[in-house]
Colleague: 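Pasting a structure below so you can have a look.
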Amino acid sequence: MTTLMEEQADFPKEITRMSVDFDRWYTDVVRKAELADYSPVRGCMVIRPYGFAIWEAIQRAFDDMIKSSGHENWYFPLLIPEDVIMREAEHIEGFTPEVAWVTEAGSHGKLDQRLAIRPTSETIVGTVMRKYIQSWRDLPQLTNQWCNVIRWELRTRLFLRTAEFLWQEGHTFHASADEARAEVDLILDYYRQIAEDWLALPVLTGTKSRAETFAGAEYSKSIEAMMRDGYALQAGTSHYLGQNFSRAYEIAFTNRENVRELCHTTSWGISTRMVGGVIMGHGDDRGLILPPKVAPIQVVVVPIYRDDESRARVDAFIETWEAGVRGMGVRLHVDRRDDRPGDKFNHWELKGVPLRLEVGPRDVEARQVTLSDRLHPGRDEKRTLPAMALAEDLPHELARFQRELLQRARDFMAENTFEVQTLAELVEHFKTRNGFVWAPWCGDPACEARVTEETRGVTTRNFDLDAAAEGACLVDGKPAKHRVAFARPY
RNA sequence: CGGGCGGUGGCUUAGCCUGGCAAAGCGCCUGCUUUGGGAGCAGGAGAUCGGGAGUUCGAAUCUCCCCCGCCCGACCA
């Protein structure tokens with residue numbers, strides 16, 4: 001009884017503990033950390049400044065990457081005429097269940113032709129780009145747009161699956177298949193870098209099975225991250241579309257030999273879902289843990305004082321080093337609210353701020369600050385740093401935190417990655433735990449479907465095309481073509 | 001889209017079965033006191049009880065329709 005109460009007292013009272021109910025933990029954290037909230041519109045969310053700032057950091061990082069390789073930002077229309085979106089059969093078949101349509105408009109009344117609200121833009125981009133591409137000299141065209149899309153999802157969750165979400169969608173047009181395939185790999189590696197270097201989330205990179213491939217693509221590749229509950233999150237996809245779309249939209253060019261050829265195209269995207277990945281990939285029972293590189297606030301300062309006099313002394317002390325620290329590019333916030341320190345500690349831990357500096361009269365005396373680390377929140381693990389070296393030390397502490405967070409996630413992924421040879425072993429595994437499970441697979445969609453059926457929801461995530469497969473398919477025993485990762489997906 | 005549950009000040013909820021002045025804790029505002037891990041006292045503001053229709057002298061409460069959310073299932077490039 002006492003133990004239970006003490007234990008509970010040690011954790012935020014406003015969020016459900018992860019170990020009790022992961023889904024509720026997630027929703028509680030998203031809302032109480034002020035990342036996002038529900039809206040009056042079914043399945044659509046409001047992204048609040050603290051959550052949007054994380055997305056903005058991801059945007060900046062990725063935008064810089066693609067600009068460095070010659071990609072350009074465009075904007076294409078939100079509304080896509082029905083005849084345009086319908087032209088690629090396989091594509092529209094895949095999307096039809098989720099497309100929202102505009103059928104009437106203001107005083108105009110019913111429209112002659114329905115307009116789809118973009119669920120993705122391959123069709124409109126192809127239709128538009130067709131007129132800018134005539135010669136091999138016009139290629140490659142490396143386009144990207146940052147926008148919103150609508151997919152009428154039946155079950156929604158904040159950030160992870162919403163009816164409207166924000167993303168970037170890249171659409172590129174190439175003269176050869178090899179060049180387009182290389183583009184797919186380049187972008188996939190950018191996505192890996194965003195995940196690992198910025199979000200501190202290790203990922204599996206590989207090719208999707210036929211069943212998991214984008215509608216209309218020749219093949220799709222993805223990055224898959226592991227969440228703290230062992231579920232997989234597809235956090236980015238890069239597709240080789242072959243000539244499927246250029247055939248349907250007549251996107252052709254005249255080559256060096258004066259022969260007309262169809263373009264080879266790609267498309268790729270990451271979305272606000274990545275913010276969900278950060279939350280579920282790093283969080284704990286106290287709330288969020290944010291990677292310094294994308295944290296809206298990297299260091300929070302909590303002044304501690306007894307009276308007006310000590311308050312003035314503490315403030316003056318903070319001012320002696322605050323500008324210097326900011327000058328090093330550190331996103332610092334001084335919490336001067338008239339609340340008690342304990343309140344502030346819990347508040348900023350819930351919001352996942354990497355580092356906290358506690359500054360009280362004792363620190364002022366010693367010309368130092370007390371450092372508390374979100375990865376080691378215990379009272380016993382606080383350290384002190386000399387104030388005069390803060391501008392130098394804090395960037396190092398943040399870099400250390402970033403490394404440690406990535407290592408922690410890597411360790412977690414390693415501890416939750418397994419290997420099996422048979423369907424029976426795989427089914428047994430998923431009865432008691434989650435994680436990534438590698439197994440040999442013959443490539444037959446029927447075998448894949450069988451796994452999903454017997455495990456009630458486990459699917460293939462991706463596989464390395466170049467890796468040699470050994471052994472017999474876990475389902476039908478035929479020679480394995482791939483070593484594929486299975487997991488429960490979000 | 002099917003089955004189940006829920007929506008009451010900013011938040012968490014009680015009240016609903018059995019119709020009769022809308023209530024508590026937290027948060028918010030003011031003052032005092034306090035401040036090194038979620039303080040205390042005093043006073044105050046804040047709700048057309050998710051929306052609409054109906055039954056009734058009277059509806060948060062009963063009936064019907066709709067909206068939003070949660071859980072389970074189906075679906076998910």
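Residue numbers begin at 1 in each chain, while the letters A, B, ... track the order of the sequences.
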Colleague: Give one of base, sugar-phosphate or nothing for Pro489(A), where a contact means two heavy atoms less than 4.0 Å apart.
Modeller: nothing
Colleague: What is the separation between atom CD on Glu153(A) and atom C1' on C1(B), rounded to the nearest whole Å?
Modeller: 14 Å
Colleague: Between Tyr249(A) and Phe245(A), what is the ring plane arrangement, given parallel below 30°, perpendicular above 60°, and tilted in between?
Modeller: parallel
Colleague: Given the structure, check if the side chain of Arg456(A) and the base of G73(B) hold any donor-acceptor pair shorter than 3.5 Å.
Modeller: no
Colleague: Could you tell me the separation between the CG atom of Asp307(A) and the C1' atom of U34(B), rounded to a whole number of Å?
Modeller: 11 Å
Colleague: Please state the P separation for the pair C28(B) and G73(B) - nearest whole angstrom.
Modeller: 40 Å
Colleague: Say you pick atom C1' in U12(B) and the same atom in U48(B); how far apart are they, in whole Å?
Modeller: 23 Å
Colleague: Is the ring pair Phe95(A)/Phe214(A) parallel, tilted or perpendicular, if the boundaries are 30 and 60 degrees?
Modeller: perpendicular
Colleague: Tell me: CZ of Arg362(A) to C1' of U35(B), nearest whole Å?
Modeller: 12 Å
Colleague: Quantified in whole Å, what is the C1' atom distance between nucleotide G15(B) and nucleotide G19(B)?
Modeller: 13 Å
Colleague: C5(B) pairs with which nucleotide, Watson-Crick or G-U wobble, both distances below 3.5 Å?
Modeller: G69(B)
Colleague: Spell out yes or no: do the side chain of Arg161(A) and the base of C76(B) have one donor N/O and one acceptor N/O closer than 3.5 Å?
Modeller: yes
Colleague: Heavy atoms only, 4.0 Å cut-off, all strands: where does Arg24(A) land among base, sugar-phosphate and nothing?
Modeller: nothing
Colleague: What does Glu93(A) touch in the nucleic acid at a heavy-atom separation under 4.0 angstrom: a base, only the sugar-phosphate, or nothing?
Modeller: nothing
Colleague: With a cut-off of less than 4.0 Å, is there a side-chain N or O of Arg340(A) near OP1 or OP2 of G36(B)?
Modeller: yes
Colleague: Between the side chains of Ser222(A) and Gln234(A), is a donor N or O closer than 3.5 angstrom to an acceptor N or O?
Modeller: no
Colleague: Would you mind pulling out the nucleotide paired to G25(B), Watson-Crick or G-U wobble, both distances under 3.5 Å?
Modeller: C11(B)
Colleague: So, does Tyr38(A) get its side chain near the phosphate of C70(B), meaning an N or O under 4.0 Å from OP1 or OP2?
Modeller: yes
Colleague: To the nearest Å, how far apart are Glu453(A) CD and A74(B) C1'?
Modeller: 14 Å
Colleague: May I ask you to decide whether Arg336(A) forms a salt bridge with Glu322(A), counting only side-chain N to carboxylate O separations under 4.0 Å?
Modeller: yes
Colleague: When both hydrogen-bonding distances must be under 3.5 Å and the geometry is Watson-Crick or G-U wobble, what is G46(B) paired with, if anything?
Modeller: none
Colleague: Return the orientation label for the Trp146(A) and Phe62(A) ring planes: parallel under 30°, perpendicular over 60°, tilted otherwise.
Modeller: perpendicular
Colleague: Looking only at side-chain atoms of Asn346(A), point me to the closest of G36(B), C11(B), G38(B).
Modeller: G38(B)
Colleague: Base, sugar-phosphate, or nothing: which does Ser310(A) touch, judged by heavy atoms less than 4.0 Å apart?
Modeller: nothing
Colleague: Output the rounded distance in Å from CZ (Phe22(A)) to P (C70(B)).
Modeller: 16 Å
Colleague: If the C1' atom of C75(B) is compared with that of U18(B), how far apart are they to the nearest Å?
Modeller: 43 Å
Colleague: Checking side chain to side chain contact (heavy atoms under 4.5 Å, CB included) against Glu397(A), which of Val299(A), Leu390(A), Leu355(A), Val330(A) comes through?
Modeller: Leu355(A)
Colleague: Distance between the C1' atoms of G54(B) and U61(B), in whole angstroms?
Modeller: 15 Å
Colleague: Starting at atom CG of Asp308(A), determine the distance to atom C1' of U35(B), rounded to an integer number of angstrom.
Modeller: 12 Å
Colleague: Tell me which nucleotide, if any, is Watson-Crick or G-U wobble paired with U34(B) when both distances must be under 3.5 Å.
Modeller: none
Colleague: When we call it a touch if two heavy atoms are under 4.0 Å apart, what does Glu98(A) touch: a base, just sugar-phosphate, or nothing?
Modeller: sugar-phosphate
Colleague: Contact class for Arg155(A) vs. all strands (heavy atom < 4.0 Å): base, sugar-phosphate, or nothing?
Modeller: base
Colleague: What's Pro40(A) touching, base or sugar-phosphate or nothing? Going by heavy atoms closer than 4.0 Å.
Modeller: sugar-phosphate
Colleague: Taking for each residue the nucleotide of RNA chain B with the nearest heavy atom, is it Arg31(A) or Gly360(A) whose nucleotide lies nearer the 5' end?
Modeller: Arg31(A)
Colleague: Tell whether Asp363(A) reaches the base of G36(B) with its side chain through a donor-acceptor pair below 3.5 angstrom.
Modeller: yes
Colleague: Please give the distance between the C1' atoms of G3(B) and U63(B) as a whole number of Å.
Modeller: 22 Å
Colleague: If you measure from the Lys or Arg side-chain nitrogens to the Asp or Glu carboxylate oxygens, is any gap between Asp343(A) and Arg340(A) under 4.0 Å?
Modeller: no
Colleague: Rounded to whole Å, please give me the gap between CZ in Arg337(A) and C1' in G38(B).
Modeller: 12 Å
Colleague: U56(B) and A60(B): how far apart are their C1' atoms, nearest whole angstrom?
Modeller: 16 Å
Colleague: Rounding to an integer number of angstrom, what distance separates A39(B) and G27(B) when you compare their C1' atoms?
Modeller: 15 Å
Colleague: Which nucleotide, if any, forms a Watson-Crick or G-U wobble pair with G58(B), using both distances under 3.5 Å?
Modeller: none
Colleague: Examine the side chains of Glu98(A) and Thr96(A) and answer whether a donor and an acceptor come within less than 3.5 Å of each other.
Modeller: no
Colleague: Under 4.0 Å, counting only non-hydrogen atoms across every strand here, what does Arg42(A) touch: a base, just sugar-phosphate, or nothing?
Modeller: sugar-phosphate
Colleague: Between G37(B), G36(B), A39(B), which nucleotide has the shortest distance from any of its atoms to the side chain of Thr370(A)?
Modeller: G36(B)
Colleague: Mind telling me whether Trp167(A) and Phe165(A) have parallel, tilted or perpendicular rings, with 30° and 60° as the class edges?
Modeller: perpendicular
Colleague: So what does Gly43(A) hit on the nucleic acid, given a heavy-atom distance under 4.0 Å: a base, only sugar-phosphate, or nothing?
Modeller: sugar-phosphate
Colleague: Which of the following nucleotides, C71(B), C75(B), C68(B), is nearest to the side chain of Leu154(A)?
Modeller: C75(B)
Colleague: Between Leu158(A) and His239(A), which has a closest nucleotide on RNA chain B that is more 5'?
Modeller: Leu158(A)
Colleague: Under 4.0 angstrom, heavy atoms only, what part of the nucleic acid is Lys344(A) near: base, sugar-phosphate, or nothing?
Modeller: nothing
Colleague: Nearest to the side chain of Glu14(A) - G38(B), G37(B), C71(B)?
Modeller: G38(B)
Colleague: Return the value, rounded to whole Å, for the distance between atom OH of Tyr305(A) and atom P of A39(B).
Modeller: 13 Å
Colleague: On the side chain of Glu349(A), is there an atom forming a donor-acceptor pair with the base of G38(B) - under 3.5 Å, no angle test?
Modeller: no
